[in-house]
Amino acid sequence: MNEKSDLVDIVIPWVDGSDPKWKAEKSVYLKRHNIDAKANSDIRWFNWDNLQYWFRAVEKFMPWVHKIFFVTWGHVPAFLDTNCQKLEIVRHSDYIPQEYLPTFNSNTIEMNYHRINGLSENFILFNDDFFPLQVIPKTYYFQNDMVCDEAVESPIMPVDIGSISGWSCRMKANNVLFINRHFSKREVQKKNYDKWFCTAYGELIQRNEGLRYWNNFCGFHDPHMASAMKKTTLRKLWEIEPDTLHRASMNRFRGETDLSQYLIRYWQLCEGNFIPRKTLGKPFLVTTENCEEIAESIKKQEWQMVSLNEECSPKEFEKIKSSINQAFAKILPEKSMFEV
C-alpha cells in the first residue's frame, strides 16, 4: 500500500510517573517479570514538569504541523485543552492489541504506531525531552514525499556502564540483525552511493569510510533527535517478520527481544527512500555541574533542538529541573493553543 500525503503529524508518547493508578498497575506486573533493572530504572519516569513548554515550542517553531498525537497510558496533563482541534489524545488501549497490554515498554508503544487511527502517512516521532528552539521548516523532515535523514554507520559498542545498559546494546543488535537479514550492505550502498557518502554529513562521513570494507552493517548512528517516519514502513516491518515484531511487543517491560523505533529509520535508509541531510540539534546529559550552562544555551537558543537526559538522584534532579525550566519559561512565556 502506497500512501501519499502533504500532511505531517507529530507523535509523542508521555507517561506520568507519579500517577498512583499507573504505579499500582506497574507494581503488579513488576512482581511477575524478571526484568533488567537498569533498562527499567525509575529514573526513566522522573517528571520534568515542563511539557507545556514543549507544546509552546512546537507551535512557535513548527507551526506547519497538522496534528499532535499525544500517546498516553490514560493520564492527561491538567494544562492540556483536550478539545483543541490540532490535538488527538491516544490511549494505549486505543491502538495497541490487547494481548500486549498493559505495557510499560516504550518499544512496544512505539512499534505499534501504524495502528493509530487517523495518523498521517508522514509523521515525526518525538520524545517529551526533545525541544525545538529555532524555526524548523517542514522540508527538514520531508521532501518529495520522502523522509529526510542521514545514512551514517556506527558500530555497536557492547558496554554496561552508566546509563547504557547491556539491554540497550542487545536491542541495537536486534535491529541490525533484522536489517542484515533483508539487505546486502554492498548493494544498498552501491545503489545509493551519493546518499551514503554525502558530504553534507560533515565529519560523520568518516564513519562510513572507515566501515565500507565490512560486508554487513555493524550498526547505525542514532541521533537522539526527533525522526521523520512513514507509517507504511512500520506496517511493512510487521508484514515481513510478524513473529519477530509480535515477540518483541509481548515484552511488558524492556527485554532482550526488543526492537526499537530506530529500526524504522534503518529500513528507510536501506531502501534508499530518503533525502540526505545532516541532523541538527544537541543532545545533553544534564547534571548538577552543567545544568546552569545548558540553561544558558537554551536561553540563547543556540541549537535547532535539544534533547535532555538526566542521570542523578531525586534531590539533584530538583535542582536540575528548576534551572532548565526557568530557561524554557524565559523564551516560551506565552500559552499555546494546546493549553486551557
Next item on the list: May I ask you to test the F197-R212 pair for a side-chain heavy-atom distance under 4.5 Å?
Entry: yes
Next item on the list: Take R181 and E241 through the salt bridge (charged side-chain N to carboxylate O under 4.0 Å, His left out) test and state the conclusion after the steps.
Entry: CA-CA 10 Å; R181 283 197 294 269; E241 291 199 26; 2.9 Å; yes
Margin query: For W54 together with F130, are the ring centres under 6.0 Å from each other?
Written below: no
Checklist line | 4.5 Å side-chain heavy-atom contact, W214 and P155 | finding: no
Check: Would a distance-only check, ignoring hydrogens and angles, find a side-chain to backbone donor-acceptor pair under 3.5 Å from Q268 to K230?
Finding: yes
Next item on the list: Let me see the working for K319 and E316 under salt bridge (charged side-chain N to carboxylate O under 4.0 Å, His left out), right down to the final yes or no.
Entry: CA-CA 5 Å; K319 176 186 177 181; E316 291 172 326; over 6 Å; no
Next item on the list: Taking the side chain as every heavy atom from C-beta outward, state whether N127 and S307 have any atom pair closer than 4.5 Å.
Entry: no
Check: Between D16 and W22, does a side-chain contact (heavy atoms from CB on, under 4.5 Å) hold up when you go through it step by step?
Finding: CA-CA 8 Å; D16 180 1; W22 176 84; over 6 Å; no
Notebook entry, point to check: How about F220 and Y262: do any of their side-chain heavy atoms sit closer than 4.5 Å?
Noted result: no
Check: Does K231 count as lying over the ring of F123, i.e. NZ or CZ under 6.0 Å from the six-ring centre, within 45 degrees of the axis?
Finding: no
Note to self: Once you measure the plane-to-plane angle for Y141 and W64, does it fall in the parallel (<30°), tilted (30-60°) or perpendicular (>60°) bin?
What the structure shows: tilted
Check: With ring centroids as reference points, do F61 and W303 lie under 6.0 angstrom apart?
Finding: no
Checklist line | Step-by-step ring pair (Phe, Tyr, Trp, His ring centres under 6.0 Å) determination, Y95 to H114 | finding: CA-CA 9 Å; Y95 75 100; H114 64 295; 8.8 Å; no
Item checked: Distance-minimising heavy-atom pair for K195 and G272 -> NZ-O, 2.7 Å
Next item on the list: State yes or no: are the ring centers of W73 and F104 separated by less than 6.0 Å?
Entry: no
Item checked: Option passing side chain to side chain contact (heavy atoms under 4.5 Å, CB included) with W267 (candidates N175, L234, I240) -> I240
Next item on the list: Determine, for D222 against R265, whether the closest basic-nitrogen to carboxylate-oxygen distance falls under 4.0 angstrom.
Entry: yes
Margin query: In the structure I gave you, are the side-chain heavy atoms of L204 and K278 within less than 4.5 Å of one another anywhere?
Written below: yes
